[in-house]
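Below is one structure; the comments refer to it alone.
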Amino acid sequence: MLITVIGSGYVGLVSGTCFADFGHDVICVDKAEDKIEKLKGGQIPIYEPGLEELVASNVKAGRLSFTTELSDAVRTADVVFIAVGTPSRRGDGHADLSYVYAAAKEIAASLDGFTVVVTKSTVPVGTGDEVERIIRETNPDADFEVVSNPEFLREGAAINDFKRPDRIVVGLTDERAKSVMTEVYRPLYLNRAPLVFTSRRTSELIKYAGNAFLAMKITFINELADLSEAVGADVQDVARGIGLDNRIGAKFLNAGPGYGGSCFPKDTLALVKTAQDHSSPVRLIETTCSINDQRKRSMSKKVAEAVGGDVRGKKIAVLGLTFKPNTDDMRDSPALSIIQALQDKGAEIHAYDPEGMDSAAQLTEHVTFGSDAYEIAKDAHALVIITEWNAFRALDFGRLKKDMAAPVLVDLRNIYGKDEVAKYGFSYTCVGRPDQEI
Ligand SMILES: NC(=O)c1ccc[n+]([C@@H]2O[C@H](COP(=O)([O-])OP(=O)(O)OC[C@H]3O[C@@H](n4cnc5c(N)ncnc54)[C@H](O)[C@@H]3O)[C@@H](O)[C@H]2O)c1
């Protein structure tokens with residue numbers, strides 16, 4: 001199969017590389033010249049474990065290449081995946097589809113022979129119809145089918161998720177397109193990944209339904225964390241107690257500072273907007289969005305209380321900036337809201353993250369970045385863990401105590417407990433575990 005992927009970001013680059021690793025011939029296209037230059041030079045523009053090696057081996061095998069020239073790459077392709085961004089549209093929360101539609105127009109002009117055009121980007125119901133309309137209008141003679149194939153990979157575990165997916169969802173009606181998509185994913189049959197064929201609109205909705213459900217699950221346990229604090233219960237035991245029920249499941253039940261990232265915030269909002277447009281509101285998701293928004297900023301109150309009620313003029317050391325570990329993605333990270341709220345209250349922020357500091361520097365102001373936990377903790381009045389990178393799971397509290405202005409730990413990911421830090425004289429604040437606080 002000759003596969004062309006338009007958009008070489010987190011999804012496009014991982015998908016293209018994995019398709020090449022399955023044995024397909026893949027061209028990854030991006031209009032960002034610096035990105036393509038880096039990729040041609042063997043550099044990976046994002047942080048994703050294992051990706052550098054996989055790109056290198058497939059480039060070496062001659063199955064993977066990179067270009068900014070969309071038209072040549074489309075002309076030769078059997079399948080063209082659209083994997084461009086669909087961020088929130090400024091002002092109203094709808095998905096911004098301008099990149100998808102621009103890509104569709106460019107693709108249309110270069111189609112040659114029967115080609116399957118696949119939206120891998122997360123797009124609202126009906127986008128496939130519009131992509132089809134745009135292509136037909138731009139190139140009335142083109143022989144093509146538009147298919148929906150949303151992506152479910154998680155940053156930080158993207159290669160494994162792509163190669164061992166829980167399911168592959170494909171939305172189409174045409175039999176020729178079905179046989180092409182079957183061929184594209186044939187290498188995964190060995191892993192018995194269920195291929196769910198459905199209509200294009202259903203496939204588009206499945207992606208949003210999945211993300212909205214997970215966002216709701218996180219928000220549910222976050223509210224239970226607040227309730228646990230109010231009634232003297234332990235939210236981690238609550239999560240375990242309900243998660244062992246197979247109907248509920250243990251995943252996505254870790255209480256914390258609220259969900260962030262490049263998908264959940266924008267996708268929940270876009271689903272709310274789609275539902276409103278169709279006069280069929282999804283009130284659970286509307287509420288989920290507003291609870292989560294408030295939660296992120298409200299975490300600054302925990303920090304203020306931990307330092308005696310007021311952070312004004314105090315140095316706060318923030319550990320972890322990305323929305324989750326093992327990625328450099330800062331999009332909608334809770335850290336951004338928490339830092340802003342602390343700065344609004346007059347705190348001086350010093351921060352460290354293993355991979356996210358370059359992006360964080362562009363998204364924050366007046367933050368001093370350090371090279372590790374110990375450097376930023378020097379003279380700090382509190383150390384606040386926002387992202388649970390493995391590197392933060394075995395901190396040397398004896399050393400931190402000597403260097404900090406006050407031994408105060410605010411653990412927004414519940415990775416420690418009072419027994420571990422009390423012996424070093426630290427006060428401890430966490431989420432939903434009042435019996436663990438000191
Ligand atoms: N990041 C994730 O974890 C994830 C997971 C599942 C689904 N998704 C969805 O996948 C889509 C892509 O997300 P991402 O995180 O990879 O985005 P991204 O911003 O990392 O990458 C998008 C890339 O597309 C390029 N691009 C835009 N228009 C182009 C055009 N006309 N021609 C060529 N290149 C173009 C951009 O330069 C950019 O490099 C989104 O719809 C997102 O919701 C993302």
Side-chain angles (χ1 to χ4, degrees), residues 4-18 27-39 44-49 51 66-74 80-89 94-110 117-124 127-128 131 134 138 148-162 165-169 203-204 206-208 210-212 214-215 259-271 322-333 359:
T4 289
V5 182
I6 313 295
S8 305
Y10 288 87
V11 165
L13 184 57
V14 171
S15 309
T17 305
C18 290
I27 305 176
C28 285
V29 182
D30 205 289
K31 61 182 181 185
E33 284 177 15
D34 55 333
K35 211 172 248 192
I36 293 301
E37 276 316 303
K38 274 189 181 166
L39 285 164
I44 307 298
I46 55 170
Y47 175 77
E48 181 59 46
L51 188 56
F66 305 100
T67 183
T68 52
E69 296 300 321
L70 183 141
S71 45
D72 288 346
V74 167
V80 178
F81 282 88
I82 300 177
V84 300
T86 49
S88 275
R89 195 163 68 189
H94 278 279
D96 177 353
L97 296 172
S98 57
Y99 302 102
V100 172
Y101 295 153
K105 214 165 178 179
E106 285 180 74
I107 291 165
S110 303
V117 178
V118 187
T119 48
K120 196 163 248 323
S121 300
T122 302
V123 293
T127 304
V131 168
I134 290 170
T138 314
S148 160
N149 171 219
E151 184 49 54
F152 299 97
L153 63 76
R154 295 162 302 165
E155 289 175 18
I159 293 168
N160 191 57
D161 283 353
F162 196 89
D166 293 335
R167 77 304 204 188
I168 299 154
V169 175
S203 166
E204 290 168 338
I206 286 171
K207 173 66 193 174
Y208 282 97
N211 275 357
L214 294 174
Y259 61 78
S262 60
C263 293
F264 286 1
K266 78 170 175 67
D267 292 348
T268 44
L269 212 54
L271 181 61
T322 50
F323 81 95
K324 65 175 182 181
N326 293 325
T327 181
D328 57 352
D329 200 339
M330 283 296 302
R331 287 177 282 187
D332 270 320
S333 173
S359 301

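As the structure lists them, so they are numbered: ligands from 1, and atoms in each ligand from 1.
Where the criterion is an N or O separation shorter than 3.5 Å, residue side chain and backbone included, Tyr10 meets it with respect to ligand 1. Taking distance alone, with nitrogen or oxygen atoms compared against 3.5 Å, Glu106 approaches ligand 1 more closely than that limit. Considering backbone and side-chain N/O of Lys31, one or more are found under 3.5 Å from N/O of ligand 1. Of the N or O atoms in Asp267, none lie within a sub-3.5 Å distance of an N or O in ligand 1. At least one N/O-N/O distance between Arg331 and ligand 1 falls below 3.5 Å. Between Val11 and ligand 1, at least one N/O pair is under 3.5 Å apart. Considering backbone and side-chain N/O atoms, Lys35 comes within less than 3.5 Å of an N/O atom of ligand 1.
A donor-acceptor pair under 3.5 Å links the side-chain atoms of Glu204 to the main chain of Gly128, judged by distance alone. Of the possible donor and acceptor atoms, none in the side chain of Glu151 sits under 3.5 Å from a partner among the backbone N and O of Ser121. The backbone N or O of Thr67 sits nowhere less than 3.5 Å from a side-chain atom of Asp30 that would complete a donor-acceptor pair.
In this structure, atom 9 (C) of ligand 1 lies nearest to the protein heavy atom Thr122 OG1, 3.4 Å. If you check which protein heavy atom lies closest to atom 6 (C) of ligand 1, you get Glu151 O, 3.2 Å. Counting protein heavy atoms only, atom 2 (C) of ligand 1 is closest to Glu155 OE2, 3.5 Å. The protein non-hydrogen atom at the shortest distance from atom 32 (N) of ligand 1 is Ile6 CG2, 3.5 Å.
Contact between Lys266 and ligand 1 is present, with at least one heavy atom of the residue lying under 4.0 Å from the ligand.
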